[in-house]
Amino acid sequence: SDVCSSDLGILLDSKFREGIACLGKLGLVFEVNLMFTQLSEVASLAAAFPDIPIVLNHMGKPVHTGRYAGRRDEVMAEWRRGLAEAARRPNIMVKVGALGADTLGFGLHEEATRPSSERLARLWRPYIETCVELFGPDRAMFESNFPPDKKSCDYGVLWNGIKRVATQYSAADKAMLFKGTA
């Protein structure tokens with residue numbers, strides 16, 4: 001199932017939760033795609049259904065465009081608080097990706113020249129490090145979100161940017177982040 005940002009409050013809805021309960025009976029995983037403003041809702045859902053694995057897609061979408069443009073510090077603080085709340089639930093894992101999304105507000109998709117992996121690593125480091133710090137390598141996994149990320153960068157450059165940030169992690173941690181957790 002996929003939840004979108006226009007569905008604020010849906011994870012708290014009793015009918016929605018009846019459906020989630022069915023996942024547990026079937027031994028299925030719930031993948032959720034939501035905005036950073038909904039992270040407390042997914043934490044509440046995870047608390048109510050501790051036996052259902054929940055995968056948080058795209059890092060809980062910290063958005064820096066639209067009404068959140070020019071508010072990067074504020075959004076980052078709220079995103080980190082919500083992500084920390086979600087990370088306290090052992091049944092939630094996070095996909096660390098969608099880093100090339102235009103909603104991150106870097107404007108890479110508008111530039112004439114494609115970014116280097118060094119530049120991507122500098123831009124993405126705070127997002128990657130926050131996710132790995134809060135969830136640990138055993139509950140965090142790297143994702144590319146290609147082809148949507150193609151608007152901002154090339155596939156190989158994306159992975160090289162992630163690898164540059166990941167150099168700080170041990171071989172065992174990298175094995176988890178790049179494939180083991182998934």
Side-chain angles (χ1 to χ4, degrees), residues 1-11 31-43 54-88 92-137 139-169 177-178 181-182:
S1 181
D2 194 29
V3 176
C4 69
S5 60
S6 63
D7 295 330
L8 286 171
I10 194 170
L11 299 178
E31 281 202 46
V32 62
N33 184 15
L34 48 72
M35 280 183 48
F36 72 100
T37 56
Q38 295 170 281
L39 288 167
S40 63
E41 292 179 29
V42 77
I54 297 173
V55 177
L56 179 61
N57 285 323
H58 309 326
M59 307 175 301
K61 286 189 186 173
V63 176
H64 304 291
T65 57
R67 69 177 180 224
Y68 302 107
R71 299 168 53 193
R72 190 167 296 273
D73 291 344
E74 177 186 342
V75 168
M76 289 296 284
E78 184 177 341
W79 172 69
R80 184 177 174 83
R81 275 191 302 277
L83 209 58
E85 183 180 354
R88 285 193 283 279
I92 298 180
M93 288 137 285
V94 63
K95 284 186 180 177
V96 184
L99 294 158
D102 55 354
T103 55
L104 284 181
F106 295 124
L108 299 174
H109 63 291
E110 298 170 340
E111 296 179 1
T113 306
R114 305 293 269 176
S116 67
S117 63
E118 294 88 356
R119 182 167 177 225
L120 294 180
R122 280 191 308 276
L123 294 173
W124 297 348
R125 182 175 298 281
Y127 300 93
I128 293 170
E129 288 178 343
T130 297
C131 290
V132 175
E133 173 194 335
L134 294 174
F135 284 88
R139 291 192 303 132
M141 62 194 99
F142 294 136
E143 64 160 338
S144 73
N145 198 41
F146 246 71
D149 280 347
K150 187 177 185 174
K151 285 176 28 179
S152 295
C153 60
D154 298 322
Y155 189 74
V157 175
L158 176 141
W159 282 109
N160 286 336
I162 292 171
K163 287 179 193 176
R164 286 180 183 283
V165 178
T167 59
Q168 66 186 300
Y169 303 118
L177 292 163
F178 282 101
T181 301

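Everything numeric here is computed off the predicted structure, so don't read it as measured data. Only this structure's heavy atoms are used, side chains among them; waters, hydrogens and symmetry mates stay out.
- Looking at E143, its side chain never comes within 3.5 Å of a backbone N or O of V96 through a donor-acceptor pair.
- L99 approaches W124 most closely through the heavy-atom pair O-NE1, 3.0 Å.
- With sequence neighbours excluded, no residue forms a side chain to side chain donor-acceptor pair (under 3.5 Å) with N145.
- Minimum interatomic distance between Y68 and M35 (heavy atoms only, all atoms of both residues): CE1-CE, 3.6 Å.
- R122 pairs by the salt bridge (Lys or Arg N to Asp or Glu O under 4.0 Å) definition with nothing, not counting sequence neighbours.
- Qualifying salt bridge (Lys or Arg N to Asp or Glu O under 4.0 Å) partners for R71, counting only residues two or more places apart in sequence or in other chains: E74.
- Legend: residues meeting ring pair (Phe, Tyr, Trp, His ring centres under 6.0 Å) with F142, ordered by chain and number and at least two apart, are F178.
- A pairwise comparison of heavy atoms in D102 and K151 identifies OD2-NZ, 3.1 Å as the closest pair.
- Of all heavy-atom pairs between A101 and D149, the closest is N-OD1, 3.4 Å.
- Under the rule for a ring pair (Phe, Tyr, Trp, His ring centres under 6.0 Å), Y169 has no partner lying at least two apart in sequence or in another chain.
- The backbone N or O of P126 sits less than 3.5 Å from a side-chain atom of T130, completing a donor-acceptor pair.
- Expressed to the nearest 0.5 Å, how far CG of L34 lies from CD of E41 amounts to 8.0 Å.
- Take E129 and apply the side chain to side chain donor-acceptor pair (under 3.5 Å) test, not counting sequence neighbours, and it matches R125, Q168.
- Interatomic distance, C153 SG to R119 CZ, rounded to the nearest 0.5 Å: 11.0 Å.
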Let me have the donor-acceptor pairs involving side chains of residues 158-166, under 3.5 Å, with sequence neighbours excluded, atom names and distances please.
{"residue": "W159", "atom": "NE1", "partner": "Y155", "partner atom": "OH", "Å": "3.3"}
{"residue": "N160", "atom": "ND2", "partner": "G156", "partner atom": "O", "Å": "3.3"}
{"residue": "R164", "atom": "NE", "partner": "S117", "partner atom": "OG", "Å": "2.8"}
{"residue": "R164", "atom": "NH2", "partner": "S117", "partner atom": "OG", "Å": "3.4"}
{"residue": "R164", "atom": "NH2", "partner": "E118", "partner atom": "OE2", "Å": "2.8"}

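- Applying the salt bridge (Lys or Arg N to Asp or Glu O under 4.0 Å) test to R88 and every residue at least two apart in sequence or in another chain returns nothing.
- With sequence neighbours left out, the side chain to side chain donor-acceptor pair (under 3.5 Å) criterion links H64 to R72, Y127.
- Taking every heavy atom of both residues into account, A140 and T181 meet most closely at O-OG1, 3.1 Å.
- With values rounded to the nearest 0.5 angstrom, F36 atom CZ is found 11.0 Å from M76 atom CE.
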N/O donor-acceptor pairs under 3.5 Å from side chains in residues 79-87, not counting sequence neighbours:
{"residue": "W79", "atom": "NE1", "partner": "M59", "partner atom": "O", "Å": "2.6"}
{"residue": "R80", "atom": "NH2", "partner": "E133", "partner atom": "OE1", "Å": "3.4"}
{"residue": "R80", "atom": "NH2", "partner": "E133", "partner atom": "OE2", "Å": "2.6"}

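- Every residue two or more places apart in sequence or in another chain was checked for a side chain to side chain contact (heavy atoms under 4.5 Å, CB included) with E110, and none qualifies.
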